[in-house]
Each structure stands twice: as structure tokens, then as C-alpha cells.
Q: 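Here it is, the structure in full.
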Amino acid sequence: MNEIDVDVLIVGGTPAGCAAAIAAARSGKTACILEPTVVLGGAVTSGVSPYDAASEAAICGLATEFCQRVAQYYRDSGTEGAFLDRTSTVYYEPHVSAKVWREMVDEHDTIQVLFGAAAVAVEMVDDRIRGVLWEQAIDAMGNLAPKPAEQFLSTGKVFVDATYEGDVAAEAGVPFRIGREPRSNEEPHAGILFTNTYAYDRQVASYYPPHTILPGSTGAADDRPMASNSRIVCQFFDDDGPDAAHRIDAPPPDYDPNNYAWNPNAFVNGVAQHGSGVSACAGGKFGLNHKHKGTDFAEPVRDFVLAHPRDRKVLREKFVNRALGFLYYIQTDGGTPQIGLAVDEFIDNNNIPYCIYVREGRRIEGLTTMTESDINPHLVGYGPRPPLNSDAVTIGDYEIDIKKCQDDADGAHEYPEGAMFNRAIRAPYQIPYGCMVPKNVANLFVTCALSMTHVAFAATRLEPFWTQTGMAVGLAASIMIDRDCGATGVPIAELQSAIIANDGKLIYYADVSASTPYFEAIQWAALQGYVPLDWQWRFRPDQPVTWNELAPALVSCLGIAISVTGTHFEGIDPSNPLFRYVETLYDLGSRAGVDIFPNMRDPHFDHHAEFHRAEVRTRWLRLDAEKALKRAEVIERLEAVANALTIKVAKVDDSPAANEFVSRAQMCAWLLALAIPTDESAV
């Protein structure tokens, strides 16, 4: 067998796989991508456009780099337009996406790419993968010959499953889930579910407004993943005659016009209308992403995901035929004969996308399993975010977007069972390291088939997000090799520092990008627990610091244990969110004999009788929590806290700016210097 041996072996040239290879290469490691089709980019080069997130602020690292390069391509070609206005909605033609991913990978001499390499098995030694066995595909879609052919072995130190289906993890014996968990307190939207979130008209036999869980939603578990499809890319043609070259001559196998519905008004003057099931694309093209009575197909998904790669050819054809049947219907009964397959896309595959858009494959059982309560901000606690994860490796912000899990509506509901698109509970969230790490294989990471429930997965199943998990995995693999450890031995803080250094985000702020001054310190402070309460998820990095910011940041970022002994400050009662933080700092100072507050040793105190009242009224200190603090004041307080904690403070920056106000971002940088001092750090 022709052997290839690298540091990091990646199966799947999806955006996640490409990002893992690039991150590993930029960390000084060799990498190889096994890709069964003829292009890199996965679904992004097979009709999925745009490169979607709920907001630009959720895209980071290599995902941002991809967006920037796509935008630059169109600027250079003179076709810059409205579709480039926001990074989170960068639209592109599939061949442009393929070009960009190939260029990003080819810039690294230490990355090999093997096209047409379809993984079929793994070789294990104890709890580690030794190598991946693969066969040469027989066509552009990565299909294999019906019978086993010559096999090749590629080996590595660390392995990455970047497939949508989770094939490598399954072959390595990693336990996985498929389908839906039952409804629970952590997952009110789990299990069998009927909603009207995709309905454009009033529900049959129902007058409930949109975004409502409907009768018939039992919440029972089953093994049904959400629908997948072949995302064919189309264009308008001038010739609408029956013999036009773009017309489909005959319906594909299993064609049934009852499976389809089409509104000729989906286009006005050739422009797709919002909500029409047509996905906009650059270059005057568009994808067909019609969810019900269109391209989406639920019935074959489970079988496709669980099938051996050799057995997927027939199942792929089911998705393709369903999509071509929809196009045939549009051209005939649908009354829009001008629409046909784009002639300059997938030209070596009869203008059909190379891969099936698998929205949901296997979901591994990892060290950590995310649930809806990690996505939905309203289930645990109360605030604008779900609970924070100190071991986060990336972020997301998309809605819970579940496509149908059964193909046909039941007559009582307008839309098939399983579908929900819930903007009402959208909030940014973090992804913990353990979601990418299988429980029982020491040298394997997973980028797409993550350890999540069906509902949590429905919010994270986007290509920018998977690009970001891929980058995190590539960096983690590099650390594994350097430290000669397993995936569970990777120091999280070291990995997080590497992610931030590569412009990755570990906390979402709507107003903080990688170019924001003190970006690293802001991200670090969030991991320590300092995240300002803001219902629009802003950090306000330039806002002047007050005690409302300084006290919580000091306690959280320096790991000071909460301690409340009394009520020492006028106007700051236990109902005030600041109370626990200023009292903790007071206790820290009094124990150490350090005046953290300027008037801690006030000689005036209340009469003994006041102490015995039912409501203690002892108030000794005054603190203006809303007052903006100047540089000299903040430095003095930082030095006092450092003294109380016996932290050695580096040389104080005594530049002539004592009367300037201190920003939140600058405060985070000073706290980072206190918590993790270096030879160059200074307060």
C-alpha cells in the first residue's frame, strides 16, 4: 500500500477540514486532507450560499479570512454589490468558493491534498488510531466501486474527522447519537414537534400566531435526523421554449408532482424574493433550497448517514433525483420554464453539486454534550446569554433552525413534523472543548459531528461555525504533538491563547472584533467570568471604567473568592448587583490590612443600638459607583488589590496621563498583566 505519514491526518475537505489543516500548518505541523470529491470546501462549494451566521460578530478566525477573500475576489472582478455589505451574508458562486479554499490550503507547502480519496476504514492500536484506509473514488461525487478496490493507508499522529456524517469516529468505535432526544426540562423543543415557524399563512385548523408549538407535539424521541438535500444551483435563461437546451427532457426516476409546489412569483424581474425558498447567489445565480415540497428530503437521511461509503451511491441519487424533479416541476407545472441548471458550475459533474448537503449526521458522545440549555438563554438563570463556558473554543449565534424530520404534512398541520426556526430565543453561545473530543479515542478530534443533542446541533450546523471548530481542532492537534499527550491532556488555557492569537473568539460581543484594541485581554477576561450585563451583547470597550465595572472585573479576573461580612457602603444594598463584589474587595483589604478603598478606616461608626435593629443599617463608607475613574485612581486601586493578594506588580506606567479616564478594554489589559505577569507587562 502507498503510505502517507503526516502529523495531522484530516478526513474530509469541508471548510472544517481545510481550517484544521491550515491551523496545523501555521503551527509548524504537516497535514494531509483526504477528500472523496474533486474539490475542497464541502457544502460551501456544492451550492450552500451564503456563508451564514446571524451576525458578523459571530464569525472569526479562518472563517473571517475566507469571507474577506471571497469579498476581495468579487471586488477585483468588478462585481462588488449589495451581497458584500455584511460579512455574515457573503454570497458566492460555488466555483469561487472552491477557488478560495484551494488557494488558502495551497499557500502551505506542508499540506497535502488527496482528491478522490474516500475513507473506508481505520486501523486502531489500543485506544489510538494508527491510520485511515481509503480507496480511489470512481467519479466526481466521491462514489466508490461496488466491490472493494485497492486500498491505501495514510497514517498520522493526530486524526481529524471533518466529515459531515462522522464516518471516521464511527469506524473508530466512538459511540454516537442519531435522531432526536425526548423532551426534557433542558430541551423543551426536543422530540416530535409541530410548529408554525415556517408557515407563511395561517395554520390549518389553528389560529395560533407564528412561533407557536402546536397540538400533536408529543416530545417523544425517535431516530429521525432533519432533512437534507442536493443544493442545485440555477440561473435564468432567455429561451423559455420547450426545446431550450436548459430544459430537462424527462422527469427523473421516482418523480411525483405531488412532492412539489412552486410559486412563479418567487421571482420579480429575475430577482428572488425573500422567503421563496430560493437562496441568493452571486453572478446572477441562485440555489434551490425549498424546504417543503421542494428539494428537502427527509426519508433517506438516516440510511445515508449510517451507510458505509461504498453503499451511498444509490442514496445520493435519491437526493439528486428529488432536486432535479423539483426543477422539472418548476419548468413544467410550475410555470417558470426559464430556470435551468447553471452552466458554469460543477461542469465535470453534469452541473450537479459534488456533495449532498447533509444538515445533520451522527453526533458523537464526547467529553461534553451540549443541550438546548447551552443555546437558549431562557432555560438556566436569567440574562441575555446562556451559561458561560470557561473551556470555550469558539462561539456561535444562530437560531435553532430545524428542518422537517418527516416529508409529508399530516393534514392537521400545514408544515411537516419536526421543523422549527426560532428567532425569538436567538442569543450568542460558546462551544466547549469537550464537544470535539470523543470519550474513548485518544488521538481523534471531530469538527462537524459534534457532541450535541439534536436541538443544540440545529443552531450550530453552519459552515462558518464548523470552520471555527476546524481551526480550534488544528491548533489543539499541534499542542497535542508538542506535548506528546492525548486530546484530554491538552491544556485548555494554552489552546485558548492560541485560538485568540489566531483571531478566534471565545466570547461573543456585538462590538468587539479581532482588530479592537486589547482584543486578547477582553476575551481572556470573559473566560474568567467578567462579562458585562448587556441585552444587546455589547462590551463597550471604549466606555470609561466606574466601580460598576472595576469591582466585578477585579474579583472575577483575579480569582478572588466571594466573601460578604457586612454592609459597609452607603447606597449599595444586597439587591444591588455590585454588592457582592465591593464587599468581597472590602473583606480582602481588611484581612490583609490594605486600604483597597480610600476611606476604609473611617473612625465614625453607628451607635450600638443601630446594630441590633432587625434590618442592619450600618453604613460606614461612601462609594460613587457611577463615577468614571481616572487613570491614577484605577492604578492605585489595582496596586492595592495586588498588595492584598501579594502579587508582585510590574513597573507602573507613569506616562503623563493620570487625569485621563480608563476604558473597559484598557482595564482588561491591566488585569491580564496582573493575573499572568510577563517581563514586559506593566500596569
Q: For the pair Q528 (side chain) and G559 (backbone), establish whether a donor and an acceptor sit closer than 3.5 Å, ignoring hydrogens and angles.
A: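 Judged by distance alone, no pair lies under 3.5 Å.
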Q: Can you tell if the side chain of N440 reaches within under 4.5 Å of the side chain of D127, non-hydrogen atoms only?
A: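 No; the side chains remain at least 4.5 Å from each other.
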Q: Side-chain donor-acceptor pair under 3.5 Å between E181 and H454, yes or no?
A: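 There is no such pair between these side chains.
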Q: Aromatic rings F597 and F569: how do their planes relate, parallel, tilted or perpendicular, breaks at 30° and 60°?
A: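 Perpendicular.
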Q: Does some side-chain heavy atom of I481 sit less than 4.5 Å from a side-chain heavy atom of V8?
A: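 When only atoms from C-beta onward are counted, I481 and V8 do touch, with a gap below 4.5 Å.
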Q: For E583 and H568, indicate whether the former's side chain and the latter's backbone hold a donor-acceptor pair under 3.5 Å.
A: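 Yes, because the side chain of E583 sits within donor-acceptor range (under 3.5 Å) of the backbone of H568.
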Q: So which atom in A162 and which in I10 form the shortest heavy-atom distance, rounded to 0.1 Å?
A: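 A162 and I10 have their closest heavy atoms at CB-CG2, 4.0 Å.
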Q: Going by salt bridge (charged side-chain N to carboxylate O under 4.0 Å, His left out), name the pairs with one or both residues in residues 451-475, residues two or more places apart or in two chains.
A: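 Qualifying pairs, neighbours excluded: D401-R461.
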Q: Using every non-hydrogen atom in the two residues, find where A427 and W537 come nearest and quote the distance to one decimal.
A: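 Shortest heavy-atom separation between A427 and W537 comes out as CA-CZ2, 3.8 Å.
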Q: Would you say the rings of Y398 and F465 are close, in the sense that their centroids are separated by under 6.0 Å?
A: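 No, the ring of F465 stays outside the 6.0 Å limit from the ring of Y398, centre to centre.
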Q: Less than 4.5 Å apart, side chain to side chain, heavy atoms only: is that true for L645 and L588?
A: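 The answer is yes; the side chains approach within 4.5 Å.
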Q: Hey, does I560 have a side-chain heavy atom less than 4.5 Å from the side chain of Y581?
A: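 In short, these two side chains do not touch, never coming nearer than 4.5 Å.
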Q: At what distance, to the nearest 0.5 angstrom, does SG of C557 lie from CG of L550?
A: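 C557 SG to L550 CG: 10.0 Å, rounded to 0.5 Å.
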Q: Decide if atom CZ of R591 counts as having more than 12 heavy atoms of other residues, nucleotides or ligands within a radius under 6.0 Å.
A: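 Yes, CZ of R591 has more than 12 neighbouring heavy atoms, counting only those of other groups under 6.0 Å.
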Q: Using modelled atom types and a 3.5 Å cut-off, is there a donor and acceptor pairing between side-chain atoms of Q496 and backbone atoms of S390?
A: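 Checking the backbone N and O of S390 against the side chain of Q496, a donor-acceptor pair under 3.5 Å is found.
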Q: Does D595 reach the main-chain N or O of M600 with its side chain, forming a donor-acceptor pair under 3.5 Å?
A: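 No; zero donor-acceptor contacts below 3.5 Å.
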Q: Any donor and acceptor pair, going by atom type alone, linking the side chain of T460 with main-chain N or O of F457 inside 3.5 Å?
A: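 Yes; judged by distance alone, with no hydrogens or angles, the pair exists.
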Q: Which heavy atom of A172 sits nearest to which heavy atom of I129, and what is that distance?
A: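 So the two residues come closest at CB-CD1, 4.0 Å.
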Q: Answer yes if the ring centres of F579 and W547 are under 6.0 angstrom apart, and no otherwise.
A: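 Not close enough - the centres of the two rings lie 6.0 Å or further apart.
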Q: For the residue pair L379 and P386, establish whether any side-chain heavy-atom pair is separated by less than 4.5 Å.
A: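 The answer is no, as the side chains (C-beta and beyond) never meet within the 4.5 Å cut-off.
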Q: Between D126 (side chain only) and R128 (backbone N and O only), is there a donor and an acceptor less than 3.5 Å apart?
A: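 Such a contact is absent between D126 side chain and R128 backbone.
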Q: Do E549 and T546 have a side chain donor and acceptor closer than 3.5 Å?
A: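 Judged by distance alone, the side chains do pair up.
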Q: Would you confirm whether R363, through its side chain, and M452, through its main-chain N or O, come within 3.5 Å as a donor-acceptor pair?
A: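 At least one qualifying donor-acceptor pair exists.
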Q: Does any N or O in the side chain of D397 come within less than 3.5 Å of the main-chain N or O of S55, such that one atom is a donor and the other an acceptor?
A: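 Yes, because the side chain of D397 sits within donor-acceptor range (under 3.5 Å) of the backbone of S55.
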Q: Any chance you could measure Q543, atom CD, to R664, atom CZ, to the nearest 0.5 Å?
A: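 Output value for this atom pair is 4.5 Å.
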Q: Mind listing the closest non-hydrogen atom pair of A472 and M436 along with its distance?
A: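 That would be CB-CE, 4.2 Å.
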Q: So, are E633 and R637 salt-bridged, with charged N and O less than 4.0 Å apart?
A: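 No salt bridge links E633 with R637.
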Q: Apply the test side-chain contact (heavy atoms from CB on, under 4.5 Å) to residues L495 and L475: give CA-CA distance (whole Å), side-chain angles for both, the deciding distance (0.1 Å), then the verdict.
A: CA-CA 7 Å; L495 173 58; L475 296 171; 3.9 Å; yes
Q: Give a yes or no on whether the backbone of D573 and the side-chain of N576 come within a donor-acceptor separation of less than 3.5 Å.
A: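 Such a contact is absent between N576 side chain and D573 backbone.
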Q: Could you name each residue pair satisfying side chain to side chain donor-acceptor pair (under 3.5 Å) that touches residues 474-485, not counting sequence neighbours?
A: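 Sorted pair list: K29-S478, K29-D482, R483-E494.
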Q: If you measure only the distance, is there a donor-acceptor pair under 3.5 Å linking the side chains of T30 and T110?
A: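 Result is no, nothing qualifies.
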Q: Working to the nearest 0.5 Å, report the span between CG of D391 and SG of C435.
A: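 The distance works out to 8.5 Å.
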Q: Grab the two heavy atoms, one from T567 and one from I572, that are nearest each other, plus how far apart they are.
A: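 Closest approach of T567 to I572, heavy atoms only: CG2-O, 4.1 Å.
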Q: Would you give the length of the straight line joining atom CG of L558 to atom CG of L638, rounded to the nearest 0.5 angstrom?
A: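 So the gap between those two atoms works out to 8.0 Å.
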Q: What side chain to side chain donor-acceptor pair (under 3.5 Å) pairs are there with at least one residue in residues 427-436, not counting sequence neighbours?
A: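 For residues 427-436, and leaving out neighbouring residues, there are no side chain to side chain donor-acceptor pair (under 3.5 Å) pairs at all.
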Q: With distance as the sole test, does D161 use its side chain to make a donor-acceptor pair with the main-chain N or O of V446 at under 3.5 Å?
A: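 Judged by distance alone, no pair lies under 3.5 Å.
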Q: Does atom CD (E365) have a neighbourhood of more than 12 heavy atoms from anything else shown, all under 6.0 Å?
A: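 Counting other residues, nucleotides and ligands, CD of E365 exceeds 12 neighbours.
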Q: Once side-chain hydrogen bond (donor to acceptor under 3.5 Å, both in side chains) is applied, do any residues pair with T469, and if so which ones, sequence neighbours excluded?
A: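 With neighbours one apart ignored, the set is empty.
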Q: Taking only residues at least two apart or on different chains, which pairs with a member in residues 435-444 satisfy salt bridge (charged side-chain N to carboxylate O under 4.0 Å, His left out)?
A: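 Matches after skipping sequence neighbours: none remain.
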Q: I need the minimum non-hydrogen distance between I522 and C668, along with the two atoms involved.
A: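 Looks like N-CB, 4.1 Å.
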Q: Is any side-chain heavy atom of L62 less than 4.5 Å from a side-chain heavy atom of M104?
A: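 Result yes, sub-4.5 Å side-chain heavy-atom pair found.
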Q: Any ring pair (Phe, Tyr, Trp, His ring centres under 6.0 Å) involving residues 506-533? Give me the pairs, sequence neighbours left out, ordered by first then second residue.
A: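 Qualifying pairs, neighbours excluded: Y509-F539.
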Q: Just so I know, are the side chains of W466 and P15 near enough to count as touching, which here means a heavy-atom distance under 4.5 Å?
A: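 Not in contact.
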Q: Let me confirm one number: the CG-CD distance from D503 to E520, rounded to the nearest 0.5 Å.
A: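 Result: 11.0 Å between the selected atoms.
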Q: Rounded at 0.5 Å granularity, tell me how far CG in L623 sits from CG in L578.
A: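 Those atoms lie 7.0 Å apart.
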